[in-house]
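Proteins come first, then strands; the chains are lettered A, B, ... in the order of their sequence lines, and each starts at number 1.
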Number of protein chains: 2
Amino acid sequence: MRVSRSQAAENRQAVIDAASRLFRERGFDGIGLKDLMEAAGLTQGAFYKQFASKDDLVAQASERALEGAIQRWLATAEANPKDPLGAVIALYLSMAHREERGGGCPVVALGADAARQGSEVKASFEDGIRKYLDLIGEWVGRPKGEDSTDKAMAVLSTMVGAMVLSRAVNNKRLSKRFLQAAAKSLMGSSPGAAQKGQLR
Amino acid sequence: MRVSRSQAAENRQAVIDAASRLFRERGFDGIGLKDLMEAAGLTQGAFYKQFASKDDLVAQASERALEGAIQRWLATAEANPKDPLGAVIALYLSMAHREERGGGCPVVALGADAARQGSEVKASFEDGIRKYLDLIGEWVGRPKGEDSTDKAMAVLSTMVGAMVLSRAVNNKRLSKRFLQAAAKSLMGSSPGAAQKGQLR
DNA sequence: ATTATCTATAGATCTATAGATAATGC
DNA sequence: ATTATCTATAGATCTATAGATAATGC
């Protein structure tokens with residue numbers, strides 16, 4: 001029943017990937033190791049040869065989820081060199097993102113859960129959040145008389161909050177309006193944007 | 001062992017109050033009925049005469065938590081009639097709020113959890129969120145050329161997101177800076193504010 | 001010989017229910 | 001007579017560990 005080292009490494013990655021998705025869908029406490037391991041094609045018994053504890057997996061899956069999100073931001077930016085921030089904001093504040101909890105922003109899906117965890121998990125989030133800020137900070141350019149990190153923090157806050165709110169309500173129109181209102185308020189933030197006037 | 005009707009009603013309220021705090025501290029899945037009932041001074045067996053299920057309590061405790069938050073906003077506004085929005089924002093975007101998860105904003109502590117729940121829980125959140133919006137909408141007055149509900153949505157998004165981010169990181173300075181950056185970006189929003197120039 | 005995975009299980013905890021008890025409310 | 005609460009428990013699930021197995025890697 002033993003597998004090769006590289007197969008074991010692949011299995012390990014599969015567990016982290018499954019966890020990064022399932023934690024976002026159900027919360028850290030919303031899914032057990034048995035279901036997580038089965039989602040990765042293994043049985044529960046194999047878990048502790050790969051991870052020290054569930055908390056260990058929580059930290060690693062958080063890190064993975066943040067990395068994935070940042071990669072998606074980078075890909076979106078590269079595809080839209082004239083207005084990277086506008087493109088990322090449009091992707092982020094979309095109903096598609098609202099519906100896709102398992103593959104969406106980990107700060108929205110797990111930020112409150114992370115606040116209840118130990119410093120290891122928060123370190124994963126802090127790293128990812130700093131990278132978010134660095135990217136936005138680049139994209140907002142040099143706002144006049146403003147610190148670009150402060151500006152980036154305000155922009156990210158609006159994005160995260162709008163998605164949390166959008167997901168917490170039943171009414172689809174209200175959900176959508178939160179995303180649109182946030183997008184509108186962020187319109188001035190990307191210098192590359194062809195100023196489109198009011199969205200309406 | 002039976003108690004009077006009014007005592008039973010009080011007990012019921014005590015359970016909802018304890019749950020509204022403990023759910024915010026630990027998440028809906030982070031605390032069991034035994035601990036919840038003990039926090040209210042009862043034993044687990046009494047639970048199902050008062051509530052249909054844990055989900056039922058989750059919905060009612062969410063409603064209670066939102067009501068409490070809105071009451072606090074109203075009290076803050078009354079104490080600061082010249083700039084109610086500025087006062088609420090200052091209270092909300094404070095490190096004290098960051099540290100006080102159990103008594104803080106339920107949207108921050110449980111919004112992501114609510115997104116994973118059924119429509120009853122989301123209805124509690126939607127009601128509370130609409131009340132938040134009504135209050136902010138009044139306080140922002142009539143922003144020029146802008147819809148006041150859209151404006152309120154953007155303001156609330158920034159507040160909620162900043163607190164989620166502030167709580168998800170280890171570094172206190174970073175936490176604080178998120179709150180300050182969000183407050184700064186919202187400075188123009190309250191018409192009653194004595195324009196204080198840059199905070200710096 | 002080592003070890004990644006499997007099956008099986010320990011011990012704790014979770015939600016929910018059953019039956020006993022004793023005070024309320026008619 | 002009704003019923004709010006209590007103790008006790010059923011049955012499921014949770015994290016973590018133990019021991020067997022069979023393929024790897026020296």
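Atom pair Lys49(A):NZ and dA18(D):P shows a separation of 11 Å (rounding to whole Å applied). Across the protein-nucleic acid pair, Leu36(A) atom CG and dT13(D) atom C1' stand 14 Å apart, rounded to whole Å. What separates CZ of Phe51(B) from C1' of dT5(D) is a distance of 14 Å, to the nearest Å. Distance, Lys54(B) NZ to dC14(C) P: 8 Å, rounded to whole Å. The separation between Gln7(B) atom CD and dT3(D) atom P is 18 Å, rounded to whole Å. Between the OH atom of Tyr48(A) and the P atom of dC14(D) there is a distance of 12 Å, rounded to whole Å. Counting to the nearest Å, the C1' atom of dA4(D) and the CD atom of Glu10(B) are 14 Å from each other. dA10(C) atom P lies 18 Å from atom NZ of Lys34(A), rounded to whole Å.
Of all nucleotides listed (dT24(C), dT5(C), dC14(D)), dT5(C) comes nearest to the side chain of Val3(A).
The closest donor-acceptor contact from the side chain of Arg116(B) to the backbone of Ala109(A) lies under 3.5 Å. A distance-only check finds a donor-acceptor pair linking the side chain of Gln50(A) to the backbone of Ala8(A) [under 3.5 Å]. Formation of a donor-acceptor pair under 3.5 Å by the Arg98(A) side chain with backbone atoms of Ser175(A) is not found in this model. Within the 3.5 Å criterion, the main-chain N or O of Ser20(A) finds a donor-acceptor partner in the side chain of Arg24(A). Remark: side-chain polar atoms of Ser124(B) are paired, donor with acceptor, to backbone N or O of Ala59(B) under 3.5 angstrom.
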Once Watson-Crick and G-U wobble pairs under 3.5 Å are found, how is DNA chain D written in dot-bracket notation, 5' to 3', with | for any base paired to another strand? ||||||||||||||||||||||||..
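Ranked by how close their nearest DNA chain C nucleotide is to the 5' end, Ser4(B) and Gln50(A) are led by Gln50(A).
Lys131(A) has its side chain out of reach of Leu66(A): every pair of non-hydrogen atoms, C-beta onward, lies at least 4.5 Å apart. Side-chain contact between Val15(B) and Leu42(B): present, with at least one pair of heavy atoms (C-beta onward) separated by less than 4.5 Å. Side-chain contact between Leu156(B) and Val107(B) is absent, with no heavy atoms from C-beta onward closer than 4.5 Å. Between Phe23(B) and Leu57(B), the closest side-chain pair of non-hydrogen atoms falls below 4.5 Å.
Looking at Arg2(A), its side chain comes within 3.5 Å of the base of dT2(C) through a donor and an acceptor atom.
A close approach under 4.0 Å does not occur between any side-chain nitrogen or oxygen of Arg5(B) and OP1 or OP2 of dT5(D).
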Sort me out a list of protein N/O and nucleotides 7-9 of chain C N/O pairs below 3.5 Å, or just none if empty.
none

